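So the structure is just underneath, and the comments pick up after that.
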Amino acid sequence: MPELPEAETIARGLDAAVAGGRVARVRIHRAEVVEPLSAAVFRRAFTGRRIARIGRRGKWIVGLLDDSQRWVTQLRMTGRFTWRAAGPRQPLRAEPHLSVSLLIEPDGGEPGVLRFYDTRRFGRMRLLAPAVYAELDARLGVEPLSDAFTPARFARMLEGGRAPIRNWLLDQGRVAGVGNIYAVEACHIARLDPRRAAGDLDRNDVRRLHRAVRRVLSDAIARRGTTFSDYRDLLGGSGDFQNALRVYGREGEACPRGDGTIERAVLAGRSAFYCPACQR
DNA sequence: CAACGGTCCTGTAGGC
DNA sequence: TGCCTACAGGACCGTT
């Protein structure tokens with residue numbers, strides 16, 4: 001579920017909580033989360049490292065370590081972090097869906113425990129050498145909130161695209177961080193039918209979609225993301241953007257623009273919501 | 001080679 | 001109430 005705004009919210013929280021801190025202990029509760037590394041190798045490489053800062057690239061959470069490795073986490077659908085004061089040692093009890101726990105000694109602060117939970121177990125955590133991180137970075141497309149994402153560049157990218165615009169936006173190699181919710185919402189804001197072929201958009205369509213993508217992502221960051229069920233920030237708080245959604249998940253409801261009833265279409269196996277009256 | 005379908009998992013909502 | 005199916009924020013991988 002987590003898309004760019006959720007990853008940004010989590011990354012900011014992590015940076016505030018643990019930047020400057022030292023990784024004092026690493027526990028891998030589910031080995032698949034660190035594949036293709038073994039749990040032992042991951043633990044050895046991570047333990048003792050200092051975390052310089054934590055940010056985001058697309059939907060990936062990226063921490064820079066003092067040995068210039070990158071600690072990267074893909075939340076995929078249900079990955080979630082929690083941060084709590086370490087406190088006295090608790091008896092071990094079953095922690096459903098717990099994948100990784102890290103004891104962090106912050107720079108000057110009280111030690112805390114960072115836990116990574118993942119119900120559906122699609123999430124992944126890796127340690128990448130600089131050259132390997134560079135490959136990941138190169139594979140991802142432009143950051144939609146950066147100055148590099150201009151209407152002109154967007155127009156060039158869209159040229160000749162045959163995929164429906166909603167599908168086109170989900171490709172992380174083009175615009176990094178847009179997922180299904182925000183792709184669908186951006187199409188509504190821009191008054192574009194999500195099934196339109198990417199290459200068919202005219203200059204005005206492109207300009208509106210460019211603004212819509214940036215606007216929906218920054219509004220969602222300001223509201224700390226969208227929570228349906230799983231997504232939470234570091235302290236367990238919900239996002240607020242679900243209350244601002246115009247069409248996503250609202251099949252059968254009235255279009256917020258007034259005319260029309262929201263419909264659902266399945267594109268490439270995934271739901272797209274749109275208003276047939278105002279999206280063309 | 002862009003685009004799409006299948007697949008990896010578990011939980012939940014809704015129909016009957 | 002309970003059983004069964006469909007679907008969920010992602011993205012790799014193989015095929016067309």
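Sequence lines set the chain letters: A, B, ... in the order given, protein chains first and strands last, and positions in each chain run from 1. If you're wondering where the values come from, they're calculated on a predicted model, not measured in any experiment.
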- [ ] Looking at every strand, decide which applies to A:Tyr248 at a 4.0 Å heavy-atom threshold: base, sugar-phosphate, or nothing.
- [x] sugar-phosphate

TODO: Compute whether any side-chain donor of one residue and acceptor of the other, for A:Ser271 and A:Arg264, lie under 3.5 angstrom apart.
DONE: yes

- [ ] Please check the phosphate of B:dT10 (OP1 and OP2 only) for any side-chain N or O of A:Thr78 closer than 4.0 Å.
- [x] no

Open item on the list: Taking the minimum atom-to-atom distance to the side chain of A:Arg139, which one of C:dA8, C:dC12, C:dG10 wins?
Closed with: C:dC12

- [ ] May I ask you to verify if any side-chain N or O of A:Arg270 is less than 4.0 angstrom from the OP1 or OP2 atom of C:dC7?
- [x] no

- [ ] Measure from the side-chain heavy atoms of A:Phe122 and tell me the nearest of B:dC9, B:dG11, C:dA11.
- [x] B:dC9

Open item on the list: Taking only the P atom of each, what is the distance from B:dG6 to C:dC7 in whole angstrom?
Closed with: 13 Å

Task: Complementary nucleotide of B:dC9, counting Watson-Crick and G-U pairs under 3.5 Å - done: none

- [ ] List in numerical order all residues of residues 159-176 of chain A for which some heavy atom is under 4.0 Å away from an atom belonging to DNA chain B.
- [x] A:Gly161, A:Arg162, A:Ala163, A:Pro164, A:Asn167, A:Arg174

Open item on the list: I want to check one thing: is the phosphate of B:dG11, taken as OP1 and OP2, less than 4.0 Å away from some side-chain N or O of A:His97?
Closed with: yes

Open item on the list: Under 4.0 Å, heavy atoms only, any strand: does A:Arg264 hit a base, just the sugar-phosphate, or nothing?
Closed with: sugar-phosphate

TODO: Establish, with yes or no, whether the OP1 or OP2 oxygen of B:dC8 is under 4.0 angstrom from a side-chain nitrogen or oxygen of A:Arg124.
DONE: no

TODO: Could you tell me the separation between the OH atom of A:Tyr274 and the CD atom of A:Glu251, rounded to the nearest 0.5 Å?
DONE: 9.5 Å

